[in-house]
Structure formats: structure tokens, C-alpha cells
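For reference, the structure is listed below as C-alpha cells.
Chain letters run A, B, ... following the sequence lines, proteins first and then strands; every chain starts at 1.
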Amino acid sequence: MVKKVKLPLTEKTLTELKAGDNVLLSGVLYVARDAAHKRMAEALQKQEPLPFDIKGQMLYYMGPSPAPPGRPIGSAGPTTSSRMDMYTPRLLAAGLKGMIGKGTRSVEVKEAMKKHKAVYLAAIGGAGALISKTIIKSEVIAYKDLGPEAILRLEVIDFPATVINDIHGGDLYIEGKVKYKNI
Amino acid sequence: MREIKAGAVTEAVARLFKQANYELGEDVLAALKKARREEESPSGREVIDTILQNAGIALNERIPLCQDCGVAVVFLELGQDAHIVDGDLYTAVNEGVRQAYDEGYLRKSIVTRPFSERTNTGDNTPAVIHTDIVPGDKLKITVLPKGGGAENMAKLGMLLPSDERRGVVEFVVNAVDEAWSKTCPPIIIGVGIGGTAEKAMALSKHALLRKVGEPSPDAEVADLEREILEKVNNLGIGPMGYGGRITALAVHAESFPTHITSLPVAVNLQCHSARHREIVL
């Protein structure tokens with residue numbers, strides 16, 4: 001069963017999402033990866049405003065390939081999330097409600113997700129061509145000088161993702177591995 | 001002495017990097033289809049279906065398979081009777097990389113000063129080039145756009161002779177277990193055993209160029225590959241780490257003599273977007 005989910009996430013949706021759910025997301029996603037996270041963390045440290053209102057929003061860890069003529073974006077799959085772990089708790093405290101990437105998160109991030117009632121989703125790494133077709137609009141909104149690491153605002157329709165960590169403590173990576181481990 | 005023009009090298013490198021980024025190899029597609037048949041986990045099968053669908057879109061619409069178009073790794077096997085003319089060999093290779101990543105709308109991911117400024121070079125150069133001098137008068141060029149996520153999980157172990165085969169197996173399986181969902185499984189596992197520290201790493205990268213699933217020609221190494229693959233696929237990680245039986249499509253190992261005190265083992269992991277292309281000039 002695939003759930004259709006509107007962004008930004010409502011409190012009701014956040015409660016309903018369960019680890020292992022396949023979802024199709026529609027709405028706005030903000031894109032940031034390593035270098036943008038570093039800058040956002042520095043801004044928060046200096047008590048400066050972030051380049052967009054992060055409250056209630058969903059971040060996508062991604063750095064696209066350049067858009068060929070006539071397309072809004074190039075290949076656009078997720079990058080490994082763990083590199084963002086050291087910055088994530090601060091962003092969750094600032095109101096971030098969801099993240100999309102790939103791969104496991106640290107204990108600190110999972111604790112902060114529980115505390116701030118936020119979810120972590122994965123998109124399929126290496127499916128950047130397919131994912132790009134769900135993105136209808138892409139614009140650079142901050143840190144343009146970072147090139148493929150600039151912050152983007154995306155509009156997506158039926159963006160495919162899977163819930164990894166829900167707000168109830170579910171963790172698909174752990175549950176999946178336990179289920180199929182054969183030793 | 002046979003002459004090969006530097007311009008021909010540039011043209012070949014540019015074409016190969018574009019092709020590698022849009023077209024998944026037949027061997028990888030066949031290995032993924034086999035994995036689709038063998039995977040027990042429903043979510044694992046869905047992941048493989050999506051990966052295959054993605055390959056079709058990339059091929060037909062000329063969109064890179066993955067947004068991480070990689071660090072440009074290039075293997076050169078230069079015949080000792082070949083002579084590169086009208087330019088410098090490595091300059092020609094880097095010019096090919098520059099052209100491919102520009103004309104092909106491929107992502108430029110290389111930064112200078114890795115430990116400080118991390119400024120993007122803007123054209124995905126410099127390539128990482130490995131050159132072997134071989135008999136003959138030809139030049140074989142193999143390109144491997146290597147994604148950063150899987151590369152980050154590479155491991156080197158300077159094991160002791162007393163660790164023996166069991167230690168090697170354990171080291172590789174642990175490296176995959178530790179990488180867990182981060183490397184975009186199902187992966188291909190490159191293993192280099194022996195030589196020195198840097199020789200083992202080079203072997204593990206070179207092993208990734210083999211046709212997916214083709215066993216080592218050395219029977220004992222092939223048997224080791226089988227044992228590691230079975231143990232890795234018992235970990236339960238599965239496609240994209242959502243749980244399943246197929247964590248790896250293949251293990252490719254290469255072995256080289258080593259020092260009496262040493263047992264170096266290197267692991268280089270390749271995501272399912274296993275892109276490489278070759279040509280002989």
C-alpha cells in the first residue's frame with residue numbers, strides 16, 4: 001500500500017506514518033547537503049536567521065546533476081544522510097519535521113527525532129533519473145556559490161520515499177535486518 | 001612504435017564517461033535481474049524494480065543514472081610499443097573528463113584542499129589515473145565514475161599472517177555490515193589481498209572492473225569469493241538496507257604475493273550503479 005502524503009506534514013500525518021510505509025510525497029521540499037548544513041549550523045550558532053523558514057518543513061539531502069535544456073533539474077537521488085548527523089539535532093530543535101536521504105542515522109539524531117516528533121525517510125539511492133521526473137520545479141534559494149551544494153526549493157509530485165524512522169520509535173533499517181538476518 | 005594521438009585519447013575518455021553515466025552495463029543489469037528473482041523480501045524486490053526502471057529512464061532520456069557522477073577514475077594499460085603524440089597523456093585524459101562532465105550535464109563533484117577550503121574545481125578534474133605498462137602497442141582505457149557514498153566505506157586492514165583465511169572473510173563481512181545501508185546495496189565488493197597497504201587498495205578497486213559475478217580464474221580465490229558472498233548475504237541488510245537476502249550481487253577478489261610479516265586486506269565497495277566502460281585504441 002502506497003500512501004499519498006501532502007507536504008508540509010501535518011501533525012496527523014506525522015502520527016500516521018509508520019516505519020516501512022511507502023509514500024508518495026507532493027508539495028515543497030528544501031534541498032541541503034554537507035556544505036549547506038555547515039553554513040546553516042553556523043548561522044544558528046550566531047543566532048542569525050536561516051535562509052528559509054524551516055519550521056514544519058522537510059529537508060532532502062541531495063546535490064543534483066546539472067539540468068539539461070528543457071528540464072527543471074538533472075539526476076536527483078538522495079545522498080548518504082549520516083554526514084549530516086552532527087548538524088541535524090540543531091535543525092530539529094529549530095522546527096524541522098522531516099528528512100529524506102539514505103542510510104542509517106546516529107543515536108543522537110534518532111533521540112532528537114523522538115524529542116521533536118520528526119520523521120526520517122529514505123529515497124532509493126542510485127535512482128536519480130527516476131526521481132528527477134517527480135520534480136516539477138527547482139530554484140536556488142540560498143548559498144548559490146556552493147554550486148551542487150546550494151539550498152534549493154523543489155516542487156514535487158508523487159516523490160517516492162520509504163519511512164525509516166517514525167515518531168513511535170519504529171526503525172526500518174533495524175527491523176528489516178533482524179527479519180532477514182540468517183546466522 | 002605505433003603512434004596514438006592525444007586527441008583520440010581525449011575523445012575516447014569523453015565518450016566513455018558519458019556512456020558510463022547514462023547506460024548501466026549488460027552484466028550489471030543481468031545481475032540485478034537475477035537478484036530480483038532470488039530476493040525474498042517484498043520491499044527488496046520493489047527496490048530492485050525501481051533500480052531497473054531507473055536504468056531504462058537514464059538510457060532513453062539521457063539523464064545520469066545517479067546524480068553522483070563520481071570521481072573520474074581511469075585505468076590505463078599502455079603498451080610499451082605505443083607512443084602518445086600531439087600532447088601529454090594525462091592532460092589528454094583530463095581534457096576528456098572536462099568535456100564529458102560539461103557536455104554531458106554530469107555533476108562536478110571534485111573539490112581542492114579537502115581538509116580546508118573544499119573549493120569545487122568546476123570540471124570534475126583531476127581524474128584519478130592508474131597506469132600499467134604492458135606488452136604490445138595499444139592503449140586500453142577503462143573509466144570508472146565512482147560514487148562517493150560507497151567509496152567512503154572502503155577499508156584497509158593490515159592483518160597478521162596468523163589471521164589466515166578466516167580473518168580475511170571476517171574483515172570483509174564486518175566492513176559490509178558496518179557500511180550497512182550507506183553504500184546503496186545491492187553492492188559489488190572489491191577485495192584486494194596481499195602486496196603492501198597501497199597495493200591491496202589498488203587491487204580492491206581494480207577487482208570492481210571485472211564482469212559482475214564472473215569468478216576469479218584462481219580456484220582458491222573464487223572459493224573465497226563464494227564464502228564471503230554467502231556470509232554477506234546472510235547479514236539481512238538487503239536492497240537499500242530495507243531488509244532482505246541480496247546485500248551484494250558479487251564479490252570480486254584479487255590476490256598478490258606479500259611480505260612474510262603481512263596479510264593486507266582491502267575492501268572497496270561499489271554501489272549498484274556500477275558504472276564502467278572500456279575501449280582499446
- Best-contacting candidate, Pro160(A), Ala127(A), Gly128(A), Ser82(A), against chain B by heavy atom pairs under 4.5 angstrom: Ala127(A)

- Item | Which of Gly147(A), Gly74(A), Ala76(A) touches chain B most, by non-hydrogen pairs under 4.5 Å | Ala76(A)

- Testing Ile57(B), Leu65(B), Ile63(B) for side chain to side chain contact (heavy atoms under 4.5 Å, CB included) with Leu130(A), which one passes? Ile57(B)

- Message: Minimum heavy-atom separation for Tyr173(A) and Met240(B), please, with both atom names.
- Response: CE2-O, 3.5 Å

- Item | Pairs of heavy atoms under 4.5 Å with chain A: top-ranked of Arg118(B), His272(B), Arg62(B), Glu40(B) | His272(B)

- Message: Could you check whether atom NZ of Lys3(A) has more than 12 heavy atoms from other residues, nucleotides or ligands sitting under 6.0 Å from it?
- Response: yes

- Closest non-hydrogen contact found for Leu235(B) with Lys181(A) is O-CG, 3.6 Å

- Item | Minimum-distance pair of heavy atoms, taken over all atoms of Gly103(A) and Ser181(B) | CA-OG, 3.2 Å

- Query: Checking Asn152(B) against chain A: side chain, backbone, both or neither under 4.5 Å from a heavy atom?
  - Reply: side chain

- Message: At a heavy-atom distance under 4.5 Å, which candidate from Cys184(B), Ser273(B), Cys271(B), Gly244(B) has the highest pair count against chain A?
- Response: Gly244(B)

- Task: Sort out for me which of Ala122(A), Gly126(A), Ser81(A) touches chain B most, counting heavy-atom pairs under 4.5 Å.
- Result: Gly126(A)

- Item | Least distance between heavy atoms, Lys177(A) atom then Trp180(B) atom | CD-NE1, 3.5 Å

- Task: Spell out, as yes or no, whether a donor-acceptor pair under 3.5 Å connects the side chain of Gln67(B) to the backbone of Gly63(A).
- Result: no

- Task: For Glu48(A), look at atom CD and say whether over 12 heavy atoms of other residues, nucleotides or ligands are found less than 6.0 Å away.
- Result: yes

- Message: Rounded at 0.5 Å granularity, tell me how far CG in Asp21(A) sits from OG in Ser43(B).
- Response: 12.0 Å

- What residue pairs, at least two apart or across chains, pass side-chain hydrogen bond (donor to acceptor under 3.5 Å, both in side chains) with a residue in residues 63-78 of chain A? Arg71(A)-Glu61(B)

- Task: Among the options Ile51(B), Asn120(B), Leu106(B), pick out the one with the most heavy-atom pairs lying under 4.5 Å from chain A.
- Result: Leu106(B)

- Note on the structure: Heavy-atom closest pair (Lys102(A) atom, Lys182(B) atom, distance to 0.1 Å) is NZ-O, 3.1 Å

- Item | Lys117(A), NZ atom: more than 12 neighbouring heavy atoms under 6.0 Å | no

- Query: Would one find more than 12 heavy atoms of other residues, nucleotides or ligands at under 6.0 Å from atom NZ of Lys18(A)?
  - Reply: yes

- Which atoms of Ala67(A) approach chain B - backbone, side chain, both or neither, heavy atom under 4.5 Å: backbone

- Task: Kindly check if the number of other-residue, nucleotide or ligand heavy atoms within 6.0 Å of CD (Glu139(A)) is above 12?
- Result: yes

- Query: Top residue by heavy-atom pair count (under 4.5 Å) with chain A, among Ala58(B), Gly238(B), Ser41(B), Ser109(B)?
  - Reply: Ser41(B)

- Message: Using a 6.0 Å cut-off, check whether atom CD of Glu103(B) has over 12 heavy atoms from anything other than its own residue.
- Response: yes

- Could you have a look at Pro64(A), Ala35(A), Ala19(A), Gly101(A) and say which one has the most heavy-atom pairs with chain B under 4.5 angstrom? Pro64(A)

- Message: Using a 6.0 Å cut-off, check whether atom NZ of Lys38(A) has over 12 heavy atoms from anything other than its own residue.
- Response: no

- With only heavy atoms counted, which part of Asn22(A) is less than 4.5 Å from chain B, the side chain, the backbone, both or neither? side chain

- Query: Under a 4.5 Å heavy-atom cut-off, does chain B meet the side chain of Ile164(A), its backbone, both or neither?
  - Reply: side chain

- With chain B, the option among Ile73(A), Thr80(A), Ile124(A) that has the most non-hydrogen atom pairs under 4.5 Å is Ile124(A)

